[in-house]
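For reference, the structure is listed below as structure tokens.
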Amino acid sequence: MKQRVQSYLHDKLGREVVLEKPRDRSFGHFATPIAFSLAKELRKSPMVIAEELASSFDENNEVFSKVEPLKGYLNFRLSEDFLNEYGSWALNNPAEFGVGENKQKILLEFVSANPTGPLHIGHARGAVYGDTLYRLAKHLGYDITAEYYVNDAGNQIDLLGLSIQLYAQENLLNQDVEYPESYYRGEYLDALARGAVEKFGEDILTNESRQKELALWAKDGVMEIVTKTLADTNIFFDTFVNESSLYDDWDRVMAKMAKNDANAIYEKEDKIWLASEAKGDDNDRVVVREDKRPTYLAGDIVYHNQKFERGYDHYINIWGADHHGYIPRVNAAVEYLGYDSNKLEVLLSQMVSLLKDGEPYKMSKRAGNVILMSDIVEEIGADALRFIFASKKSDTSLEFDVESLKKQDSSNPIFYIQYAHARIKTMISKSDFSEDEIMKSSLKGFDEQADTLLFDALLLPEIIEDAFSSRQVQKLPDYLQSLAASLHKFYYDVRIIGREDEAKLLKLLMVVALSIKTGLSLMGIEAKDRMFKEDE
RNA sequence: GCGUCCAUAGCUCAGCUGGAUAGAGCACUGGUUUGCGGUACCAGCGGUCGGGAGUUCGAAUCUCUCUGGGCGUACCA
């Protein structure tokens, strides 16, 4: 809608026009401060320019019913025909509403938690953020792939094997054991230990030389737990890439970098280094240790090389904020590999803290004392979890109270929005008009309030576009919340059933419902047609 | 120290590439239809946009600086 208005203005005025929301809705649907920016160039006051521009529009053009200058601003009111046509089209083509025509191929990598334990609440944020971006991109037409990078190599996998053994020795075999600082703990070890005995026999729990074997088996079990939790939250991946499968390619990738730039890789102190400092990193980085074991970075270099060789137009990685120092060295490697590091976009998701007894609860990745994502999903539901994480800027640390999301009233935003949708559905089912009859009426002849509601509901496509292109997914829940508020107020102010213009008002509400339903589905939340009280 | 993210109402946060009188929700106070679900609506209270300087017609927004926080600063992942 906005694009159409913008291109119309572009043709009309011969330049790009910035459209914004008017300060006061009674001014019109759109406004532009263009006269201010023209003032200098034309050496006239903004007010005069605005008046001249306004008078250059015809009384009856196809888009606007009114163009009005005010204090240097130019305010536009869309014509009834324009809104009616667009709204009716949306209702007739609900699956097309807000769908874009982007063709870019995007690879989106997110979560990528180590397969050494269940997801915790910190992972949940990146997971929700990534999946919401994914849904938005899909809707906008992008050819996007959701990928999970499984770190199934390196020390943490060895540690998984050791952790299971130690856990089992203490709890299953009743032995005295001493735990190293960094070992993993948690209930999930129990099931893994028992499963291992069943599969391999008891020797697997005590034989140190079988730790690796145990770990490689166990990580698949952990990944099952992880994908189950994600699926419970409506999050799914297209592809999984195992770190362990990449190392065979290391020599070729190293040679590739060396071929592109003779200085990219060098040997010093019996180690192999990446010359990342020359590409903006703080220091050069070790990629192969003295004992020939590659570092984590080596795996990531091979992985990124593989990503680029697979050929996408754009790459997005969602990482925890604690990895931000890692960006320069990966960018350096990408450039040495001969690719454009501008195509790689890293989005950071900041820490999450829950309130517990009034004290901030600090998260730690390795401690046994983590808050599990699956526990929160169980406690407040996937919808509420998704909503809270999608509704805050991902680059700000977030604090939230679990209790407030369990309430069944307007203080709980997800409930408030669902209720708006359910209200509309209830009204339509109560009306004597059939859906066909409602659809045949026109979205015209509304008063100010109804007109504004229609306009707001039709803004969804712009919100989707904006939310994705700015990577600020919280714009969608913000929008849905304010649309729901408008609906509730409208419902309160106007008694619809029994009115003379009942059919077209219901059609208007159908547009609102469509916007809410579409918006929620892009957040991975299903709109409800009915609400039930908790105690029912 | 260096890098990076952040600082807006008592609390949790919006505020789009600078634009009209800085907004929601919660909390608190007071109200509401002889009616479609009161699981709702309205009003009030509440702000030196962390401090300072600069850029310009115009700054919460951009730049610099100071202060205060989170995170990072590994041959861990």
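Chain letters run A, B, ... following the sequence lines, proteins first, then strands; residues in each count from 1.
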For residues 455-465 of chain A, which residue pairs qualify under side chain to side chain donor-acceptor pair (under 3.5 Å), counting only residues two or more places apart or in two chains? A:R25-A:D456
Verify the neighbour count for atom CE of A:M439: are there more than 12 heavy atoms of other residues, nucleotides or ligands below 6.0 Å? yes
Length of the line joining A:H120:NE2 and B:A77:P, which is rounded to integer Å: 17 Å
By the definition side-chain contact (heavy atoms from CB on, under 4.5 Å), identify the one residue from A:L520, A:I414, A:I525 that meets it with A:L480. A:L520
Distance under 6.0 Å and angle within 45° of ring axis: A:K504 vs A:F446: yes
For nucleotides 5-9 of chain B, give me every protein contact, N/O to N/O, under 3.5 Å, one pair per line with atom names.
| from | atom 1 | to | atom 2 | distance (Å) |
| --- | --- | --- | --- | --- |
| B:C5 | O2' | A:Q350 | NE2 | 3.4 |
| B:C5 | O2' | A:D395 | O | 2.9 |

For RNA chain B, whose closest nucleotide is more 5', that of A:A422 or that of A:A321? A:A422
Rounded distance (Å) that lies between atom C1' of B:A77 and atom CG of A:D152: 12 Å
If you check every side-chain atom of A:D322, which of B:G72, B:A14, B:A77 has the closest atom? B:G72
How does RNA chain B read in dot-bracket, base by base from 5' to 3', with Watson-Crick or G-U pairs under 3.5 Å and | used when the partner is on another strand? (((((((..((((.....[...)))).(((((.......))))).....(((((..]....))))))))))))....
Take atom NE2 of A:H324 and atom P of B:G3, then tell me their distance rounded to the nearest Å. 11 Å
Report yes if a side-chain nitrogen or oxygen of A:Y416 is closer than 4.0 Å to either non-bridging phosphate oxygen (OP1 or OP2) of B:C41; otherwise report no. yes
What about A:H323, does its side chain sit under 3.5 Å from the base of B:G72 through a donor-acceptor pair? no
With salt bridge (Lys or Arg N to Asp or Glu O under 4.0 Å) as the test, would you mind laying out the steps for A:R285 and A:E277 before giving the verdict? CA-CA 8 Å; A:R285 307 290 170 180; A:E277 193 175 347; over 6 Å; no
List in numerical order all residues of residues 475-493 of chain A for which some heavy atom is under 4.0 Å away from an atom belonging to RNA chain B. A:K475, A:D478, A:H488, A:K489, A:Y491, A:Y492
Atom C1', compared across B:A43 and B:C36: separation rounded to whole Å: 25 Å
Using heavy-atom distances to pick each residue's nearest nucleotide on RNA chain B, tell me which of A:Y296 and A:D529 is more 5'. A:D529
I'd like the P distance from B:A59 over to B:A53, given in whole Å. 13 Å
Tell me whether the NZ or CZ atom of A:R471 lies within the 45° cone about the ring axis of A:F468 and under 6.0 Å from its centre. yes
Between CD1 of A:I496 and P of B:C36 the distance, given in whole Å, is 12 Å
According to a strict under-4.0 Å criterion, is A:R423 in side-chain N/O contact with OP1 or OP2 of B:G38? yes
Walk me through it: do A:Y149 and A:N317 pass the test side-chain hydrogen bond (donor to acceptor under 3.5 Å, both in side chains)? CA-CA 10 Å; A:Y149 180 48; A:N317 292 351; over 6 Å; no
Using the C1' atom as the point on both nucleotides, what is the distance between B:C42 and B:A7, in whole Å? 33 Å
Dump the pairs, protein N or O against N or O of nucleotides 54-61 of chain B, anything under 3.5 Å, distances to one decimal.
| from | atom 1 | to | atom 2 | distance (Å) |
| --- | --- | --- | --- | --- |
| B:C57 | OP1 | A:K40 | NZ | 3.3 |

What is the separation between atom CD on A:E277 and atom P on B:G3, rounded to the nearest whole Å? 14 Å
From A:L505 atom CG to A:S441 atom OG, the distance as rounded to the nearest 0.5 Å: 9.0 Å
Under the side chain to side chain contact (heavy atoms under 4.5 Å, CB included) rule, collect the residues that match up with A:F415, sequence neighbours excluded. A:Q408, A:N412, A:M531
A:L19 CG to B:C16 C1', in whole Å, measures 13 Å
Of all the nucleotides listed (B:G38, B:A20, B:A77), which has the minimum atom distance to the side chain of A:Y419? B:G38
Show your reasoning for whether side-chain contact (heavy atoms from CB on, under 4.5 Å) applies to A:W319 and A:L347. CA-CA 6 Å; A:W319 289 350; A:L347 302 172; over 6 Å; no
Tell me the interatomic distance from A:L70, atom CG, to B:U21, atom P, rounded to whole angstroms. 11 Å
Interatomic distance, A:E269 CD vs B:A74 C1' [rounded to whole Å]: 14 Å
Considering only heavy atoms and no angle criterion, is a donor-acceptor pair shorter than 3.5 Å present between the side chain of A:N75 and the base of B:A20? yes
